[in-house]
Amino acid sequence: MSSTDAAPAAGFAETVVRWQRASGRHGLPWQGTRDPYRIWLSEIMLQQTQVATVVDYYLRFLARFPDLRTLAAASQDEVMPYWAGLGYYARARNLHRCAREICERLGGAFPRRAEDIAQLPGIGRSTAAAIAAFAYGERAPIMDGNVKRVFTRYFGIYGNPAARAVELQLWDTAQAMLDAADASLDMGAYTQGLMDLGAGCCTRGKPACTLCPLAGGCYARINAKQHELPAPKPRKQAEERQCAMLILEQDGCVLLEQRPSSGIWGGLWCLPQYDDAQAMRAACRSQGTDPGPAQRMAALSHTFTHFKLHIEPWLLRGAAPRLRQPAPGQAWTPVAALADTALPAPVRKLLCGLYPTDGLL
DNA sequence: GAGTCGTGGGC
DNA sequence: TGCCCAAGACT
């Protein structure tokens with residue numbers, strides 16, 4: 001159920017462009033360029049991640065990997081530390097894989113059409129359209145969280161925006177706005193304007209309708225339904241899980257192990273993790289390490305999107321003069337090198353508390 | 001369609 | 001404090 005017919009489409013895109021030029025965001029580090037590499041990198045980092053969080057990661061990443069070839073020439077282990085803490089690590093693995101594919105199979109030339117860009121790993125329809133719009137001016141619509149908020153409210157589109165039928169309606173509506181726009185439409189400004197509206201005016205909590213250039217034709221504004229749209233997604237209760245983590249320290253080194261590429265924290269380096277303290281002790285003994293002197297540290301919990309993890313950390317400072325042979329996938333890491341290691345946020349937090357003077361991020 | 005995949009900010 | 005969600009994509 002919606003009121004798509006009631007909301008005016010004429011002048012929609014041009015209104016957004018005018019507002020973007022006057023009141024939108026202009027100084028972000030990935031703006032003011034048509035370099036598809038920089039635009040692509042920013043769009044991947046910005047997936048499900050707020051602008052304020054991305055800025056520092058983006059600048060640091062770009063300084064180390066300034067172009068496609070530099071990224072393709074690096075190993076994944078060189079890339080991951082620059083993504084550690086940002087989350088959704090499959091994005092980094094896909095980014096790296098994508099750089100290699102473009103360099104090896106496409107001669108280093110970034111594809112130009114949104115349809116082709118969307119074939120690359122980690123790039124869906126919306127991200128492909130954003131890259132094509134910013135880099136090449138292609139008239140392809142995006143559909144991210146911002147645009148969903150603006151469109152569901154402006155056109156009065158009810159139902160879970162993630163549901164198939166609703167999502168399809170949103171895409172069709174977005175395409176219709178482009179079809180109705182002037183041929184001279186500035187796609188960069190339009191695309192940016194929609195996101196700026198969603199981030200600045202059409203926010204979830206208290207939308208600033210008095211500042212919105214679309215308020216005059218907006219279904220939600222006219223009918224006072226701002227707080228009913230977009231419809232909230234149904235959510236089931238988050239599961240709770242427990243684990244024990246072992247900080248095995250010896251000769252100024254900590255034992256870390258690399259996670260498999262699939263699953264949580266894929267490709268990152270973690271502390272050895274066990275279901276509980278008993279499993280941890282058994283593992284220690286089987287490797288010839290006496291778990292007896294291990295000290296229990298303050299617990300911490302970490303909330304993911306779909307579950308909550310309660311971590312019970314144990315500290316075991318070795319007395320033996322020599323490092324034991326690490327198991328496959330494990331590595332003794334000097335404390336001084338932790339700052340450059342790809343650690344998940346809670347592990348970094350834990351080790352920061354233990355080695356506060358070592359300049360971890 | 002429903003799960004999986006991180007982290008931090010806002011209220 | 002807990003809950004929602006952010007420039008989504010993939011299985």
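Letters A, B, ... mirror the listed sequences (proteins, then strands); counts begin at 1. None of the values given here were measured: they were computed from a predicted structure.
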For a quick test of reading the model: is some side-chain N or O of [X] closer than 4.0 Å to OP1 or OP2 of [N]?
X: Arg149(A); N: dA7(C); value: yes
X: Trp83(A); N: dG6(B); value: no
X: Tyr89(A); N: dT7(B); value: yes
X: His302(A); N: dG6(B); value: no
X: Thr127(A); N: dA9(C); value: yes
X: Gln48(A); N: dG8(C); value: yes

Out of [options], whichever nucleotide has its closest atom nearest the side chain of [X]:
X: Pro346(A); options: dT7(B), dA7(C), dG2(C); answer: dT7(B)
X: Ala345(A); options: dA6(C), dT7(B), dG6(B); answer: dT7(B)
X: His306(A); options: dA9(C), dC5(B), dG8(B); answer: dC5(B)
X: Lys236(A); options: dT7(B), dG3(B), dA7(C); answer: dG3(B)
X: Arg204(A); options: dG1(B), dC4(C), dC5(B); answer: dC4(C)

Problem - Closest-nucleotide ordering on DNA chain B, the 5'-leading residue of Pro344(A) and Ala165(A) - result: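 It is Ala165(A), whose closest nucleotide lies nearer the 5' terminus.
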Problem - Residue mapping more 5' on DNA chain B - nearest nucleotide basis, Gly263(A) or Ala162(A) - result: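 Of the two residues, Ala162(A) wins.
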To the nearest Å, give me how far apart [atom1] ([X]) and [atom2] ([N]) are.
X: Asn94(A); N: dT4(B); atom1: CG; atom2: C1'; value: 14 Å
X: Gln50(A); N: dT7(B); atom1: CD; atom2: C1'; value: 10 Å
X: Ile117(A); N: dA7(C); atom1: CD1; atom2: P; value: 21 Å
X: Asp196(A); N: dA6(C); atom1: CG; atom2: P; value: 16 Å
X: Trp269(A); N: dG6(B); atom1: CH2; atom2: C1'; value: 20 Å
X: Arg38(A); N: dA7(C); atom1: CZ; atom2: C1'; value: 19 Å

Check: [X] side chain, [N] base, donor-acceptor under 3.5 Å:
X: Thr305(A); N: dG6(B); result: yes
X: Arg25(A); N: dA7(C); result: yes
X: Thr49(A); N: dG6(B); result: yes

Quote, to the nearest angstrom, the [atom1] distance that separates [N] from [M].
N: dG1(B); M: dA6(C); atom1: C1'; value: 23 Å
N: dG8(B); M: dA9(C); atom1: P; value: 22 Å
N: dG6(B); M: dT1(C); atom1: P; value: 24 Å
N: dA2(B); M: dA7(C); atom1: C1'; value: 24 Å

With a non-hydrogen cut-off below 4.0 angstrom, is [X] in contact with a base, only sugar-phosphate, or nothing?
X: Gln192(A); result: base
X: Gly198(A); result: nothing
X: Ala130(A); result: nothing
X: Ile44(A); result: nothing
X: Thr303(A); result: base
X: Gly205(A); result: nothing
X: Val147(A); result: nothing

Exercise for the section: May I ask you to check if Arg91(A) and Tyr88(A) form a cation-pi contact, with NZ or CZ under 6.0 angstrom from the six-membered ring centre and within 45° of the axis? Expected result: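 Verdict for Tyr88(A): no cation-pi partner in Arg91(A).
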Problem - Ring centres under 6.0 angstrom apart (Tyr82(A), Tyr58(A)) - result: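 No, too far apart.
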Thinking salt bridges, do [X] and [Y] make one under a 4.0 Å N-O criterion?
X: Glu167(A); Y: Arg164(A); answer: no
X: Asp179(A); Y: Arg139(A); answer: no
X: Arg317(A); Y: Glu249(A); answer: yes
X: Glu138(A); Y: Arg113(A); answer: no

Handout entry: 5'-most by nearest nucleotide on DNA chain C - Val51(A) or Leu120(A)
Key =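 So the residue in question is Val51(A).
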Problem - First encountered from the 5' end of DNA chain C, between Pro232(A) and Gly122(A) - result: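 Comparing both residues, the 5'-ward one is Pro232(A).
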Problem - Plane angle bin for Phe304(A) and Phe307(A) - parallel if under 30°, tilted between 30 and 60°, otherwise perpendicular - result: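 Ring orientation of Phe307(A) relative to Phe304(A): parallel.
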Handout entry: Side-chain donor or acceptor of Asp196(A) paired with backbone N/O of Arg25(A) under 3.5 Å
Key =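 Answer holds: yes.
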